[in-house]
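As structure tokens, the structure follows; a few thoughts come after it.
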Amino acid sequence: MMNDIYILIIGFVILFGSLNTILYFHFKYRRKTLFNFLQNKDYILVEKVETDIEKYSKINNKFFYRKSDIVFFEDEIFIISYNYSKPIMQIGNGKEKFPGVFQKWNYEFKSKINNRLEIKGIYHDSWIGGNYKIYLNLKNKNFDLEGCVNQPKKIKP
């Protein structure tokens, strides 16, 4: 009886470890795919940015905090989890979903608050939608936050 329990526990640990490893390499591949697409294009990479994401819907509220690499490309912002543990998010108003991106959200508003970039908008995940706020702490990152905030909102065809 005890041997069966040990085998079951070891099986769950192996399954959990295998799934985490597969997801790690999958998200790493998606990151590589995005950067291959952006190769030879004019983009700005800001590494290890403190990222706060708040999602509000009628069903639930979620708050995420993580370190992320942020890519600014034209009017699009890509949030890439620093340790490959989460999918790539694209924030922008263009219709194009770039290679390697898992979620694409439109934004309505960008502002600067205490050396942090605040982005607000509406998201749609599967059948759930709601509002979101993203705060990117760009303090001491040698980044032109004023230029990013004052960039006109472009809606691409």
Side-chain angles (χ1 to χ4, degrees), residues 18-157:
S18 299
L19 289 175
N20 278 339
T21 303
I22 290 168
L23 285 175
Y24 171 83
F25 285 110
H26 175 71
F27 292 140
K28 188 174 181 178
Y29 171 76
R30 290 183 81 118
R31 177 187 175 114
K32 185 177 178 182
T33 303
L34 176 66
F35 280 107
N36 283 342
F37 176 80
L38 294 174
Q39 189 175 13
N40 299 324
K41 294 185 171 76
D42 189 25
Y43 67 90
I44 299 170
L45 173 64
V46 184
E47 296 180 323
K48 298 180 186 173
V49 174
E50 294 176 5
T51 307
D52 300 326
I53 302 173
E54 301 172 14
K55 292 171 49 175
Y56 306 99
S57 70
K58 292 181 180 179
I59 297 175
N60 65 2
N61 298 332
K62 291 185 180 180
F63 177 77
F64 303 100
Y65 171 81
R66 60 182 169 218
K67 289 260 186 187
S68 302
D69 293 339
I70 308 298
V71 175
F72 295 90
F73 175 66
E74 296 175 354
D75 195 32
E76 304 291 327
I77 301 170
F78 300 95
I79 300 175
I80 306 168
S81 181
Y82 176 67
N83 59 0
Y84 308 115
S85 63
K86 303 288 181 198
I88 298 172
M89 293 175 56
Q90 178 182 347
I91 311 296
N93 290 317
K95 297 200 186 279
E96 180 180 6
K97 186 174 178 182
F98 288 82
V101 171
F102 181 73
Q103 296 175 317
K104 182 181 181 325
W105 295 350
N106 292 336
Y107 74 89
E108 297 176 346
F109 177 84
K110 290 191 292 189
S111 66
K112 175 186 173 185
I113 301 174
N114 299 332
N115 289 321
R116 293 171 52 153
L117 177 62
E118 177 185 32
I119 306 167
K120 293 182 181 179
I122 298 173
Y123 73 93
H124 299 285
D125 285 342
S126 308
W127 52 277
I128 299 174
N131 297 320
Y132 72 86
K133 291 182 190 175
I134 298 175
Y135 300 96
L136 304 175
N137 187 357
L138 295 166
K139 185 176 183 179
N140 302 324
K141 294 294 181 181
N142 194 20
F143 176 74
D144 179 22
L145 187 55
E146 293 291 333
C148 177
V149 170
N150 296 327
Q151 180 182 19
K153 181 174 150 181
K154 299 175 189 171
I155 300 177
K156 299 175 187 174

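Heavy atoms only: backbone and side chains are in, while hydrogens, waters and symmetry mates are out.
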Quiz item: How far apart are the C-alpha atoms of Arg31 and Asp69, what are their side-chain angles, what is the distance that settles it, and do they pass the salt bridge (charged side-chain N to carboxylate O under 4.0 Å, His left out) test?
Solution: CA-CA 11 Å; Arg31 177 187 175 114; Asp69 293 339; 2.8 Å; yes
Exercise. Provide the closest heavy-atom pair for Pro87 versus Phe102 in the form atom of the first, atom of the second, distance.
Key: CB-CB, 3.3 Å
Quiz prompt | Electrostatic pair Arg116:Glu118 at N-O distance under 4.0 angstrom | solution = no
Quiz item: Do other residues, nucleotides or ligands put more than 12 heavy atoms under 6.0 Å from the NZ atom of Lys97?
Solution: yes
Quiz item: Between Ile134 and Asp52, is a side-chain contact (heavy atoms from CB on, under 4.5 Å) present by the stated rule, with each step listed?
Solution: CA-CA 6 Å; Ile134 298 175; Asp52 300 326; over 6 Å; no
Quiz item: Are the side chains of Glu108 and Lys120 in touch, meaning some heavy atoms are under 4.5 Å apart?
Solution: no
Quiz item: Is there a side-chain contact between Ile79 and Ile70 (heavy atoms, below 4.5 Å)?
Solution: yes
Quiz item: Take atom CG in Asp42; do more than 12 heavy atoms of anything else shown fall under 6.0 Å from it?
Solution: no
Quiz prompt | Glu76 side chain vs Gly94 backbone, donor-acceptor pair below 3.5 Å | solution = yes
Quiz item: Would a 4.5 Å heavy-atom cut-off, applied to side chains only, mark Tyr132 and Ile119 as touching?
Solution: yes
Quiz item: Between Leu117 and Tyr135, is any pair of side-chain heavy atoms under 4.5 Å apart?
Solution: no
Quiz item: What are the two closest non-hydrogen atoms of Thr33 and Pro99, and how far apart are they?
Solution: CG2-CB, 3.7 Å
Exercise. Heavy atoms only: give me the nearest Arg30-Gly100 pair and the separation to one decimal.
Key: NE-O, 3.1 Å
Self-check item: Pair Phe98 + Phe73: ring centers closer than 6.0 Å
Solution: yes
Quiz item: Does a sphere of radius 6.0 Å around OH in Tyr24 hold more than 12 heavy atoms from other residues, nucleotides or ligands, not counting ones at 6.0 Å or beyond?
Solution: yes
Quiz prompt | Pair Asn114-Lys112, side-chain donor/acceptor within less than 3.5 Å | solution = no
Quiz item: So do the side chains of Ser68 and Ile80 get within less than 4.5 Å of each other, counting heavy atoms only?
Solution: no
Self-check item: Residues Asn106, Ile122; criterion side-chain contact (heavy atoms from CB on, under 4.5 Å); working and verdict
Solution: CA-CA 6 Å; Asn106 292 336; Ile122 298 173; over 6 Å; no
Practice problem: Would you indicate whether the side-chain heavy atoms of Leu45 and Phe35 approach each other to under 4.5 Å? | Solution: yes
Practice problem: Please round to the nearest 0.5 Å and tell me the distance separating atom CZ of Phe25 and atom NZ of Lys32. | Solution: 12.0 Å
Quiz item: If you measure from CE on Met89 to CD1 on Ile91, what distance do you get to the nearest 0.5 Å?
Solution: 4.0 Å
Quiz item: Is it true that atom NZ of Lys67 has more than 12 heavy atoms of other residues, nucleotides or ligands lying nearer than 6.0 Å?
Solution: yes
Quiz item: So do the side chains of Ile77 and Lys110 get within less than 4.5 Å of each other, counting heavy atoms only?
Solution: yes
Quiz item: Is there a side-chain contact between Gln103 and Val101 (heavy atoms, below 4.5 Å)?
Solution: no
Quiz prompt | Whether over 12 other heavy atoms sit under 6.0 Å from Phe37 CZ | solution = yes
Quiz item: Are the side chain of Thr51 and the backbone N or O of Val49 linked by a donor-acceptor pair below 3.5 Å?
Solution: yes
Exercise. State the CG-CD distance between Leu38 and Glu74, to the nearest 0.5 angstrom.
Key: 9.5 Å
Quiz item: Does Lys55 count as lying over the ring of Tyr123, i.e. NZ or CZ under 6.0 Å from the six-ring centre, within 45 degrees of the axis?
Solution: yes
